[in-house]
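Let me begin by presenting the structure, written as structure tokens, before commenting on it.
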Amino acid sequence: MQFEQIAQLAVAGAINGCFYALLGVGFGLILGVVGRFHYAYALTFVLAAYIMSVLESSLSVWPPLAAGAGLLAAMALGVALERWVYGPLARSSGALALLTVFISALGITIAGGNLMTLMWTAFSRSIYLFEVRPFAVAGVTFTTLDLFIVFASWLLIGLLTVALNFTDLGRSIKAVRGNPFLARIIGLKPDRLYLVVFAIGSFLSGVAGILNGARFAVVPNMGDRPVVFAFVVAFLGGTRSSPLTVGLAGLFIGLVESLSGLWVAPQWSALVVFSVLFIYLSLQPTEISGLRRWLSLGARSRG
């Protein structure tokens, strides 16, 4: 392959990687702090995009206002799931909370996707954020939307990093993530902070969904693949790591996925990504065992 082709794959991988980074940070925050395998993350991803698309195209709502409504809907859904579904299930399931929550989230995602299909049909919809213009630099093409995805993703990741490290709310979230028992002793209210974490994670998921809808199209099952990649990114970056670390893991996954096209057909790129995760799991058995123990401890403390 020529240098221009390799460079094009690398740029495409970096753009996809920023998108995966944003998804992985939100998913990892929820899993790391609350201990929920929130598969319905895919539903908040899709809901934000659909709400914006419907308001914008059918009701002619101003795009920023439509985007805000979509993000609020995603946040409300995430908070509602934790408040009325995951929390009660976790308290009643004890040590099996992680599995129970995952199964319920999977069912909610399937039901939600079918409901969206009934409401808005399975045909694809579009999202208009701004006029998209192509650019070509040294034989590599990209668009203004690609640049916006990169900028928006790292801006939000950076803001979350600053918030977690330098605000009272962020330090409270980190305290609950570190030790829920001790957090209760010092006067923090973990259940309330869990709702805040779900709101933040759902907001990031909604932003990613809107960006994905603007870049491609809005369809009911558009969240299935991204939520799996979000899990891979969160796991590689570390569910208890800084958002910047998780973001870099997302960038790495995007580059691996894209550059694997040098050796394998595009339809095998997802297999390459999961091979990376498998190798990581094989080389880090101690960390995996520690994460499993922490999730079990968290489930008991939340019960």
Side-chain angles (χ1 to χ4, degrees), residues 18-27 29-30 36 38-86 104-132 144-146 148-149 151-153 155-157 159-160 195-230:
C18 293
F19 171 75
Y20 297 150
L22 185 62
L23 275 171
V25 166
F27 189 90
L29 182 69
I30 292 173
R36 313 283 195 236
H38 179 40
Y39 189 84
Y41 197 66
L43 190 58
T44 58
F45 178 90
V46 177
L47 180 63
Y50 258 107
I51 293 296
M52 178 178 179
S53 178
V54 170
L55 291 177
E56 179 189 56
S57 60
S58 301
L59 301 177
S60 301
V61 175
W62 186 43
L65 188 59
L71 294 176
L72 286 175
M75 294 169 66
L77 176 60
V79 171
L81 287 175
E82 168 59 19
R83 175 65 177 83
W84 288 295
V85 180
Y86 297 160
S104 65
L106 180 61
I108 289 169
T109 302
I110 295 173
N114 290 333
L115 180 60
M116 290 182 190
T117 301
L118 291 173
M119 293 176 61
W120 298 308
T121 76
F123 295 109
S124 63
R125 305 181 65 96
S126 62
I127 286 179
Y128 176 83
L129 290 176
F130 49 78
E131 184 179 356
V132 178
T144 50
L145 179 58
D146 295 331
F148 182 76
I149 290 173
F151 173 77
S153 297
L155 175 63
L156 292 173
I157 292 171
L159 290 175
L160 179 59
L195 299 180
V196 174
V197 167
F198 262 85
I200 296 172
S202 300
F203 175 83
L204 297 179
S205 173
V207 171
I210 289 173
L211 293 176
N212 187 78
R215 192 180 182 194
F216 302 111
V218 180
V219 292
N221 64 346
M222 62 184 273
D224 295 345
R225 181 183 174 97
V227 74
V228 174
F229 274 68

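Values in this document were obtained by computation on a predicted structure and should not be read as measured data. Quick note: residue numbers are just sequence positions, from 1.
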Checklist entry - Which heavy atom in Ile51 sits nearest to a heavy atom in Ala73, and how many Å separate them? => result CG1-CB, 4.0 Å
Checklist outcome for this item: To the nearest 0.5 Å, atom OG1 of Thr144 lies from atom CD1 of Ile149 at 10.0 Å
Checklist entry - Is any side-chain heavy atom of Leu160 less than 4.5 Å from a side-chain heavy atom of Leu204? => result yes
Checklist outcome for this item: Rounded to the nearest 0.5 Å, the CZ atom of Phe216 sits from the CD1 atom of Ile127 at a distance of 12.5 Å
Checklist entry - Out of curiosity, Leu145 CG to Glu131 CD, how far, rounded to the nearest 0.5 Å? => result 12.5 Å
Item to check | Considering all heavy atoms, the nearest Ser104-Val85 contact | outcome: OG-CG1, 4.3 Å
Checklist outcome for this item: For Gly113 and Pro220, the nearest pair of non-hydrogen atoms, with its separation, is O-CB, 4.0 Å
Checklist entry - Of all heavy-atom pairs between Leu22 and Tyr41, which one has the smallest distance, and what is that distance? => result O-OH, 4.1 Å
Item to check | Those residues that, when tested against Val79, pass side-chain contact (heavy atoms from CB on, under 4.5 Å) (two or more places apart) | outcome: Leu195, Ala199
Next on the checklist: Can you tell me how far apart CZ (Phe148) and OG (Ser153) are? Round to the nearest 0.5 Å.
Outcome noted: 9.0 Å
Next on the checklist: Quick one, Phe198 and Arg36 - any side-chain contact, counting heavy atoms below 4.5 Å?
Outcome noted: yes
Checklist entry - Given Arg215 and Asp146, is the side chain to side chain contact (heavy atoms under 4.5 Å, CB included) satisfied, shown in steps? => result CA-CA 8 Å; Arg215 192 180 182 194; Asp146 295 331; 3.6 Å; yes
Next on the checklist: What's the separation between atom CG in Leu159 and atom CD1 in Ile157, rounded to the nearest 0.5 Å?
Outcome noted: 10.5 Å
Item to check | Any side-chain donor near an acceptor of the partner, Ser205 and Thr44, under 3.5 Å | outcome: yes
Checklist entry - Under 6.0 Å from the CZ atom of Phe151, do we count more than 12 heavy atoms belonging to anything else shown? => result no
Checklist entry - Of all heavy-atom pairs between Val218 and Gly213, which one has the smallest distance, and what is that distance? => result CG2-CA, 3.8 Å
Checklist entry - When rounded to the nearest 0.5 angstrom, what is the spacing between CE in Met222 and CE in Met116? => result 9.5 Å
Checklist entry - Between Leu129 and Ile210, is any pair of side-chain heavy atoms under 4.5 Å apart? => result yes
Item to check | Contacts of type side-chain contact (heavy atoms from CB on, under 4.5 Å), residue Asn221, not counting sequence neighbours | outcome: Val219, Asp224
Checklist entry - Under the 3.5 angstrom rule, does the side chain of Ser57 hit a backbone N or O of Ser53 as a donor-acceptor pair? => result yes
Checklist entry - Taking C-beta and beyond as the side chain, do Val227 and Phe45 meet within less than 4.5 Å on heavy atoms? => result no
Checklist entry - Going by heavy atoms in the side chains, are Phe19 and Asn212 under 4.5 Å from each other? => result yes
Item to check | Atom of Leu81, atom of Ile108 and distance for their closest heavy-atom approach | outcome: CD2-CD1, 3.6 Å
Checklist entry - Would one find more than 12 heavy atoms of other residues, nucleotides or ligands at under 6.0 Å from atom CZ of Phe130? => result yes
